[in-house]
Amino acid sequence: MPELPEVETTVRGLNAKIRNRIFVGLWSDWKKTVKKPRSFAQFEKELHGKKVQRVWRRAKNVIIDLSEGYSLLIHQKMAGHLLVGRWHQESGRWISDERGPLDEKINLYIHLLFTFDDGSMMALSDYRKFAKAELWKTDELLRSPEFIQLGPEPLDKQFTVEKFETVFHRKRGKVKQVLMDPYVIAGIGNIYSSEALWWAKINPFKDVSQLSKKELAWLYTAVQKVLAAGVKLRGESFADYRDVHGKKGEFDTERKVYKREGELCSRCKRAKILRVKIGGRSAFYCPYCQKA
DNA sequence: TGCAGTGTTGCTTC
DNA sequence: CGAAGCAACACTGC
């Protein structure tokens, strides 16, 4: 579900709510969510008593830095939601104490529930059970290969158009797939790659090695534009993304091609948006604006 | 009923 | 050996 803007929205929400809180309790009905340490009991034991220092994001990972040099990493994968609030259990189900957007549906899929020292809680809801939680020593996480190998952050000030060109010229393959490769550039998934390519007027099938310098510059600008708009609008909730309070994002007003197959392109008004398969995923584009 | 799905990984094949 | 392709993960909703 979440791509960079959605994860960023979640991270900002967590920072406002759980800083300085101390982990005192843990509940789970799907312990496989915890991947590290291997043993759930060990995870629970090591987490207990740790204080939240700050929450940040790398690619689509939420990282909660803790006292004593620990970091809790959570990846929401396709359908995970991180929520904060208070819940109580009724006949085996978690019920939100608050009225409003944290409705019953999302609560049904809570598989991991952390309790803090002040009685507030952080829940990981995930109807597909793909999300993962890992407890690391912070320095080990930062030195781990899977972390080091991640591509640059597209919204970093240091991520210049020159860096973008360098990163892309090293690769080959369909530009759509390369954009979604977290080891090439971080945080871009199926929605924002489709949107960026539409803004840049680039055909998603085009091989990255065939992109002109001009096209690379357009794509660089488009990637930053759609991601920044996504963050500003607090994410895309076309599917089921919600922020930590269960609220929807507003990026849907900006959605130009994703899941719009058959609709007239809003820019050229001469062609209908196509849906095709690239690398096993659906890609959406305007065959007129984004000629091969 | 069948299939697609916001992501990533790891296995197989070339 | 590297790259590419694809199943697997597990479940809901159209």
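Chain identifiers are assigned alphabetically (A, B, ...) following the order of the sequence lines, protein sequences preceding nucleic acid strands; residue numbering begins at 1 within each chain. These numbers were taken from a predicted model, which means no experiment stands behind them.
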Trainee: Does A:His75 place a side-chain N or O at less than 4.0 Å from the phosphate oxygens OP1/OP2 of B:dG7?
Mentor: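 Indeed not, no polar side-chain atom of A:His75 lies that close.
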Trainee: Scan side-chain atoms only and decide if A:Tyr241 and A:Gln76 contain a donor-acceptor pair under the 3.5 Å cut-off.
Mentor: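 No - no donor-acceptor pair under 3.5 Å links their side chains.
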Trainee: Apply the side-chain contact (heavy atoms from CB on, under 4.5 Å) test between A:Leu83 and each candidate in A:Thr10, A:Ile106, A:Val244; give the one that qualifies.
Mentor: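 When A:Thr10, A:Ile106, A:Val244 are each tested with A:Leu83, the side-chain contact (heavy atoms from CB on, under 4.5 Å) holds only for A:Ile106.
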Trainee: Summarise how protein sits on nucleotides 9-14 of chain C as a single string, 5' to 3': B when a protein heavy atom is under 4.0 Å from the base, S for sugar-phosphate-only contact, - for no contact.
Mentor: BBBSS-
Trainee: For A:Arg57, which residues count as a salt bridge (charged side-chain N to carboxylate O under 4.0 Å, His left out) partner, sequence neighbours excluded?
Mentor: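 A:Glu8, A:Glu153.
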Trainee: Could you check how far CG of A:Leu4 sits from P of B:dT8, rounded to whole Å?
Mentor: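 After rounding, the gap between these two atoms is 11 Å.
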Trainee: Please measure how far the P atom in B:dT8 lies from the corresponding atom in C:dT12, and state the result in whole Å.
Mentor: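 Here B:dT8 and C:dT12 have their P atoms 22 Å from each other.
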Trainee: For a quick test of your reading: what N or O donor-acceptor pairs under 3.5 Å do the side chains of residues 43-51 of chain A make, sequence neighbours left out?
Mentor:
from	atom 1	to	atom 2	distance (Å)
A:Glu46	OE2	A:Gln42	NE2	2.9
A:His48	ND1	A:Val24	O	3.3
A:Lys50	NZ	A:Glu46	O	2.7

Trainee: Mind calculating the distance between CD1 (A:Ile191) and P (B:dG7) to the nearest angstrom?
Mentor: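 From A:Ile191 CD1 to B:dG7 P: 7 Å.
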Trainee: With a 3.5 Å cut-off and no angle check, do the side chains of A:Lys176 and A:Asn190 form a donor-acceptor pair?
Mentor: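 A:Asn190 and A:Lys176 do have a side-chain donor-acceptor pair below 3.5 Å.
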Trainee: In chain order, what residues pass the salt bridge (charged side-chain N to carboxylate O under 4.0 Å, His left out) check against A:Glu98, with sequence neighbours excluded?
Mentor: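 Partners of A:Glu98 under the salt bridge (charged side-chain N to carboxylate O under 4.0 Å, His left out) test: none.
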Trainee: Dot-bracket, DNA chain C: Watson-Crick or G-U, under 3.5 angstrom, [ ] crossing, | other strand?
Mentor: .||||||||.||||
Trainee: Please say which of A:Tyr192, A:Phe284, A:Phe251 ends up in a ring pair (Phe, Tyr, Trp, His ring centres under 6.0 Å) with A:Tyr258.
Mentor: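 By the ring pair (Phe, Tyr, Trp, His ring centres under 6.0 Å) criterion, A:Tyr258 pairs with just one of A:Tyr192, A:Phe284, A:Phe251: A:Phe284.
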Trainee: Identify whether any heavy atom of A:Phe251 sits under 4.0 Å from a base atom; if not, whether one sits that close to sugar-phosphate; answer base, sugar-phosphate or nothing.
Mentor: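 Here A:Phe251 touches no strand at all.
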Trainee: Under the 3.5 angstrom rule, does the side chain of A:Asn15 hit a backbone N or O of A:Val55 as a donor-acceptor pair?
Mentor: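 Between the backbone of A:Val55 and the side chain of A:Asn15 there is a qualifying donor-acceptor contact (under 3.5 Å).
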Trainee: So A:Tyr192, base contact, sugar-phosphate only, or nothing? Heavy-atom distance under 4.0 Å.
Mentor: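 If one applies the 4.0 Å heavy-atom cut-off, A:Tyr192 turns out to touch nothing in the nucleic acid.
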Trainee: By nearest atom, which of the nucleotides B:dG7, B:dT8, B:dA4 is closest to the A:Lys277 side chain?
Mentor: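 Selected nucleotide: B:dA4.
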Trainee: Kindly write out the residues that satisfy side-chain contact (heavy atoms from CB on, under 4.5 Å) with A:Met121, not counting sequence neighbours, or none if the list is empty.
Mentor: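 Residues passing side-chain contact (heavy atoms from CB on, under 4.5 Å) with A:Met121: A:Trp87, A:Leu113, A:Thr115.
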Trainee: I'd like the C1' distance from C:dC9 over to B:dT1, given in whole Å.
Mentor: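 My reading of the C1' atoms in B:dT1 and C:dC9 gives 22 Å.
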Trainee: Could you name each residue pair satisfying side-chain hydrogen bond (donor to acceptor under 3.5 Å, both in side chains) that touches residues 21-37 of chain A, not counting sequence neighbours?
Mentor: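 Applying side-chain hydrogen bond (donor to acceptor under 3.5 Å, both in side chains) to every pair that reaches into residues 21-37 of chain A, excluding sequence neighbours, yields A:Arg21-A:Asp117, A:Arg21-A:Asp118, A:Asp29-A:His111.
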Trainee: Quick one: is C:dA3 close enough that its OP1 or OP2 comes under 4.0 Å of any side-chain N or O from A:Tyr183?
Mentor: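 So the side-chain polar atoms of A:Tyr183 never come under 4.0 Å of the phosphate oxygens OP1 or OP2 of C:dA3.
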Trainee: Applying side-chain contact (heavy atoms from CB on, under 4.5 Å), name anything that partners A:Lys137, two or more places apart in sequence or on another chain.
Mentor: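 Testing A:Lys137 for side-chain contact (heavy atoms from CB on, under 4.5 Å), a comparison that skips the adjacent residues, returns A:Tyr70, A:Asp139, A:Glu140.
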Trainee: Between residues 132-141 of chain A and DNA chain C, which residues have a heavy-atom gap below 4.0 Å?
Mentor: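 When residues 132-141 of chain A is checked for heavy atoms under 4.0 Å from DNA chain C, there are no hits whatsoever.
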Trainee: Work out which heavy atom in A:Ala217 is nearest to a heavy atom in A:Val161; give both atom names and the distance.
Mentor: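 For A:Ala217 versus A:Val161, the nearest heavy atoms are CA-CG2, 4.1 Å.
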Trainee: Under a 4.5 Å cut-off applied to non-hydrogen side-chain atoms, are A:Ile64 and A:Ile18 in contact?
Mentor: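 Yes, at least one pair of side-chain atoms sits under 4.5 Å.
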Trainee: Provide, to the nearest angstrom, the distance between the CD atom belonging to A:Glu261 and the P atom belonging to B:dA4.
Mentor: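 Checked: the CD to P distance equals 12 Å.
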Trainee: B:dC3 P sits how many Å from A:Arg281 CZ, rounded?
Mentor: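 So the CZ-P distance, A:Arg281 to B:dC3, works out to 19 Å.
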Trainee: Decide yes or no on side chain to side chain contact (heavy atoms under 4.5 Å, CB included) for A:Val7 and A:Val62, but give the supporting numbers first.
Mentor: CA-CA 7 Å; A:Val7 180; A:Val62 173; 3.7 Å; yes
Trainee: Find the distance A:Lys259:NZ to B:dA4:C1' and express it as a whole number of Å.
Mentor: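 These atoms are roughly 7 Å apart.
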Trainee: Can you check the A:Lys35 NZ to B:dT8 P distance for me, whole Å?
Mentor: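 Rounded to the whole Å, the gap is 15 Å.
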Trainee: Which pairs, protein N/O on one side and nucleotides 4-8 of chain C N/O on the other, fall under 3.5 Å?
Mentor:
none

Trainee: Using only atom types and a distance under 3.5 Å, with no angle test, would you say the side chain of A:Glu195 pairs donor to acceptor with the backbone of A:Val257?
Mentor: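 Checking the backbone N and O of A:Val257 against the side chain of A:Glu195, a donor-acceptor pair under 3.5 Å is found.
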Trainee: Would you list the protein and nucleotides 10-14 of chain B atom pairs, both N or O, that sit under 3.5 Å from each other?
Mentor:
none

Trainee: Using side-chain heavy atoms (C-beta onward) and a distance below 4.5 Å, is A:Ile74 in contact with A:Leu112?
Mentor: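 No, every pair of side-chain atoms sits at 4.5 Å or beyond.
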Trainee: Sort and list the pairs that fulfil salt bridge (charged side-chain N to carboxylate O under 4.0 Å, His left out) and have at least one residue in residues 249-258 of chain A, not counting sequence neighbours.
Mentor: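 Matches after skipping sequence neighbours: A:Glu236-A:Arg255, A:Asp252-A:Arg255.
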Trainee: Please state how far atom NZ in A:Lys36 lies from atom C1' in B:dT9, giving the value in whole angstrom units.
Mentor: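 It works out to 17 Å between those atoms.
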